[in-house]
Amino acid sequence: MTGKEIFLGALNFEETPRLPVAVLDGYTWIVKRDQISHKDLLNAADFGASHVIKAFDEFAVDNVCANAHISNFFLKYMGGEIQYDKVGEAFEISKPPLKTLDEIKNFSVDELINQALADDEFVAGLKLIPLLKKHYGDERVIVGVSWGPFTVAGMMVGVQNFLTQAYDDEDSAVAIIEFSTQLIARFAQLLVEYGADVIMVGDPVSSGDMISPGMFEEYALPSVTGMVAALNKLNVKYLLHICGNTRARIKPLLDSGIAAFSVDTLNLEEALPLTRGNYAICGDMNPYDVLQIKTADEVFEHCLGRAKVAGRSGGFLLMPGCDLAPNIPLANIQAMVNAAHSFV
């Protein structure tokens, strides 16, 4: 079986010949290692494909991620400020575009999409996808990556501002989340049209470290089910990543329709019996505590232990619990992959 078949097989709860293994994003790791900027990637003649292919070939994972960071451009079109030209550093939202939630009424999803498609750098991020598709064929899954709608809504006014205002102005909170869901659904459609096989979003504002279970179910969960509905029309699977504390997210997501839930740390023994048949679990290698500070041998043993808990009967993909921290040694990423490959 190819890496793509193993990855998708696990999402479909099929037994696989070995454990699937993947990463989420990886672009900040790439710009740090290659001493370039995110802007350099987007303005390269090949849209950064040579850098991405070099890294993912060295990782030897079952997926390849498209440029996650172009979803940040929507904040720029709304009047925010972004910073992505610093060598070796992360793509940042340096100034949110809005001050209050109700300002969202001044914007149109169609207009933002049109601005994006007129922006050479944004389109470069899309054009990277068919280059990756051509290089890898059906050997690896091409993952279109974005921020999740609930997090995008938070980024529009600043996360703390968003959470405070949501309590005082529920109608505007619902409106901006619905707007963000429509926007990211349209963005995901573009990723699919350019060749992405699956869509994965990062939704850190949905973390249990950020909001209560009640707020998650009232505000964030509808954006998840809205994205699932949009991608079901495209026959594309939706993978959700939430950072930090996710234990209270397991049960509310059971009927959401997501294909996989990517987590930071989790009790697999408790979670897998609940989630199998509903959605796969991706994780749960902590990017710092496991992948950055342990030795390669320690990473291998840790990952092998997680593999033994999960088994190969589908419903689990071995992954870092978030984006690759830029200082993670390549040898540790490869140790994670070797553990998955050795578990047969």
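What you see is a predicted model; the values in this text were computed from it and never measured. Starting from 1, each residue takes its place in the sequence as its number.
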Trainee: Linking I/L/V/M/F/W/Y whenever their side-chain heavy atoms sit closer than 4.5 Å, directly or via other members, would Val31 and Phe73 fall into one cluster?
Mentor: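 Yes, it is one cluster - the side chains of Val31 and Phe73 are joined through contacts under 4.5 Å.
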Trainee: Is there a donor-acceptor pair under 3.5 Å between the side chain of Glu301 and the backbone N or O of Glu298?
Mentor: no
Trainee: Kindly check if the number of other-residue, nucleotide or ligand heavy atoms within 6.0 Å of NZ (Lys127) is above 12?
Mentor: no
Trainee: Are Leu266 and Phe13 connected in a single hydrophobic cluster, I mean Ile/Leu/Val/Met/Phe/Trp/Tyr linked by side-chain heavy atoms less than 4.5 Å apart?
Mentor: no
Trainee: Answer yes or no: are there more than 12 heavy-atom neighbours, outside Lys105 itself, under 6.0 Å from its atom NZ?
Mentor: yes
Trainee: Would you give the length of the straight line joining atom CG of Asp284 to atom CG of Leu268, rounded to the nearest 0.5 angstrom?
Mentor: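 It is 4.5 Å, given to the nearest 0.5 Å.
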Trainee: Taking only residues two or more places apart in sequence, or in another chain, which ones meet Val159 in a side chain to side chain contact (heavy atoms under 4.5 Å, CB included)?
Mentor: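 Scan of Val159 (side chain to side chain contact (heavy atoms under 4.5 Å, CB included), adjacent residues dropped) gives Leu163, Val205, Met210.
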Trainee: Is it true that the side chains of Gln189 and Glu193 contain a donor and an acceptor less than 3.5 Å apart?
Mentor: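 The answer is yes; a qualifying pair exists.
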Trainee: If you define the side chain from C-beta out and look only at heavy atoms, does anything of Met319 sit under 4.5 Å from Val23?
Mentor: no
Trainee: With the 4.5 Å side-chain cut-off for hydrophobic clustering, are Val145 and Val61 part of the same group?
Mentor: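 No, separate clusters.
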Trainee: What are the two closest non-hydrogen atoms of Cys243 and Ser207, and how far apart are they?
Mentor: O-OG, 2.9 Å
Trainee: For residues Asp110 and Ser108, is any side-chain donor paired with an opposing acceptor at under 3.5 Å?
Mentor: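 The criterion, which ignores hydrogens and geometry beyond distance, is not satisfied for Ser108 and Asp110.
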Trainee: Of all the heavy-atom pairs spanning Leu42 and Phe47, show the shortest one and how long it is.
Mentor: O-CD2, 4.3 Å
Trainee: Got a donor-acceptor contact below 3.5 angstrom from the Gln334 side chain to the Glu58 backbone?
Mentor: yes
Trainee: So, for Met78 and Ile104, which heavy atoms are closest and what is the spacing to 0.1 Å?
Mentor: CE-CD1, 3.8 Å
Trainee: Pair Glu139, Lys4 - check salt bridge (charged side-chain N to carboxylate O under 4.0 Å, His left out), show working.
Mentor: CA-CA 6 Å; Glu139 287 298 315; Lys4 180 177 180 178; over 6 Å; no
Trainee: I'd like to know if the side chain of Lys32 pairs up with that of Asn327 as donor and acceptor (distance under 3.5 Å, no hydrogens or angles considered).
Mentor: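 Indeed, the side chains of Lys32 and Asn327 share at least one donor-acceptor pair under 3.5 Å.
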Trainee: Regarding Gln292 and Asn332, do their side chains bring together a donor and an acceptor under 3.5 Å, going by distance alone?
Mentor: no
Trainee: Between His241 and Asp323, is the side-chain hydrogen bond (donor to acceptor under 3.5 Å, both in side chains) condition met? List the steps.
Mentor: CA-CA 10 Å; His241 171 77; Asp323 186 11; over 6 Å; no
Trainee: Indicate the atoms forming the closest heavy-atom contact of Ser172 with Asp102, along with that distance.
Mentor: OG-CB, 3.5 Å
Trainee: For Tyr238, run the side-chain contact (heavy atoms from CB on, under 4.5 Å) check against Val198, Thr225, Val228 and tell me which one passes.
Mentor: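 Only match with Tyr238 under side-chain contact (heavy atoms from CB on, under 4.5 Å): Val228.
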Trainee: Would you say Asn232's side chain and Ala229's backbone share a donor-acceptor pair under 3.5 angstrom?
Mentor: no
Trainee: Any sub-3.5 Å donor-acceptor pair from Asp62's side-chain atoms to Val21's backbone N or O?
Mentor: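 Checked: pair present.
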Trainee: Determine whether Val192 and Ile199 satisfy the following criterion, side chain to side chain contact (heavy atoms under 4.5 Å, CB included), listing intermediate values before the conclusion.
Mentor: CA-CA 8 Å; Val192 172; Ile199 299 297; 4.0 Å; yes
Trainee: Is it true that the side chains of Thr151 and Asp203 contain a donor and an acceptor less than 3.5 Å apart?
Mentor: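 Present: a donor and an acceptor within the cut-off.
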Trainee: For atom CG of Asn106, is the number of surrounding heavy atoms from other residues, nucleotides or ligands below 6.0 Å larger than 12?
Mentor: yes
Trainee: How far apart are the closest heavy atoms of Ala340 and Leu318, and which atoms are they?
Mentor: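 It is CB-CD2, 3.9 Å.
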Trainee: Is there a donor-acceptor contact under 3.5 Å linking the side chains of Asn161 and Gln165?
Mentor: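 The criterion, which ignores hydrogens and geometry beyond distance, is satisfied for Gln165 and Asn161.
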Trainee: Give every residue pair that meets the ring-ring contact (aromatic ring centres under 6.0 Å, His included) criterion with at least one member in residues 161-203, sequence neighbours excluded.
Mentor: Phe74-Phe187, Phe122-Phe187, Phe150-Phe162
Trainee: Between NZ of Lys86 and OG of Ser37, what distance do you get to the nearest 0.5 Å?
Mentor: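 Rounded to the nearest 0.5 Å, the NZ-OG separation comes out at 11.5 Å.
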Trainee: Using 4.0 Å as the upper bound for N to carboxylate O, is an ion pair formed by Asp197 and Lys237?
Mentor: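 Not counted as a salt bridge, because no side-chain N and carboxylate O are separated by less than 4.0 Å.
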Trainee: Count I, L, V, M, F, W, Y as connected when their side-chain heavy atoms are under 4.5 Å apart, and connections chain through other members. Are Phe59 and Leu24 then in the same cluster?
Mentor: no
Trainee: Group every Ile, Leu, Val, Met, Phe, Trp and Tyr by side-chain heavy-atom contacts under 4.5 Å, then state whether Leu317 and Val299 land in the same group.
Mentor: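 No; tracing contacts between hydrophobic side chains, which count when under 4.5 Å, never links both residues.
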Trainee: Do we see a donor-acceptor contact under 3.5 Å between the side chains of Glu89 and Tyr84?
Mentor: no
Trainee: Aromatic rings Tyr279 and Phe261: how do their planes relate, parallel, tilted or perpendicular, breaks at 30° and 60°?
Mentor: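 Correct class here is perpendicular.
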Trainee: How close do Pro97 and Gly80 get, counting heavy atoms only, and between which atoms?
Mentor: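 Smallest heavy-atom distance, with atoms named: CB-N, 3.3 Å.
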Trainee: Check for me whether Arg249 meets the cation-pi criterion with Phe216, that is, NZ or CZ under 6.0 Å from the six-membered ring centre and within 45 degrees of the ring axis.
Mentor: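 That pair qualifies as a cation-pi contact.
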Trainee: Report yes if the side chains of Ser206 and Tyr219 come closer than 4.5 Å at any heavy-atom pair, otherwise no.
Mentor: no
Trainee: Between Asn12 and Glu14, is there a donor-acceptor pair closer than 3.5 Å when you use the side chain of the first and the backbone of the second?
Mentor: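 Not a single qualifying donor-acceptor pair exists.
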Trainee: To the nearest 0.5 Å, what is the distance between CD1 (Ile129) and CG (Leu191)?
Mentor: 4.5 Å
Trainee: If we ignore angles and hydrogens, is there a donor and acceptor under 3.5 Å between the side chains of Trp147 and Asn72?
Mentor: yes
Trainee: Is it the case that the side chains of His51 and Asp46 hold a donor-acceptor pair, with the cut-off being a distance below 3.5 Å and no angle test?
Mentor: no
Trainee: Answer whether the closest heavy-atom distance between the side chains of Glu170 and Glu218 falls below 4.5 Å.
Mentor: yes
Trainee: Is the closest side-chain heavy-atom distance between Leu239 and Val201 below 4.5 Å?
Mentor: no
Trainee: Between Lys76 and Glu81, does at least one N-O distance fall below 4.0 Å, as a salt bridge requires?
Mentor: no
Trainee: Thr100 and Glu103: side-chain donor and acceptor closer than 3.5 Å?
Mentor: yes
Trainee: Looking only at side-chain N and O atoms, does Asn278 offer a donor or acceptor that is under 3.5 Å from a partner on Thr275?
Mentor: no
Trainee: Indicate yes or no: at least one non-hydrogen side-chain atom of Asn67 is less than 4.5 angstrom from one of Val52.
Mentor: no
Trainee: Tell me, yes or no, whether the heavy-atom count around Asp57 atom CG, taken from other residues, nucleotides or ligands under 6.0 Å, exceeds 12.
Mentor: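 Result for CG/Asp57: enclosed.
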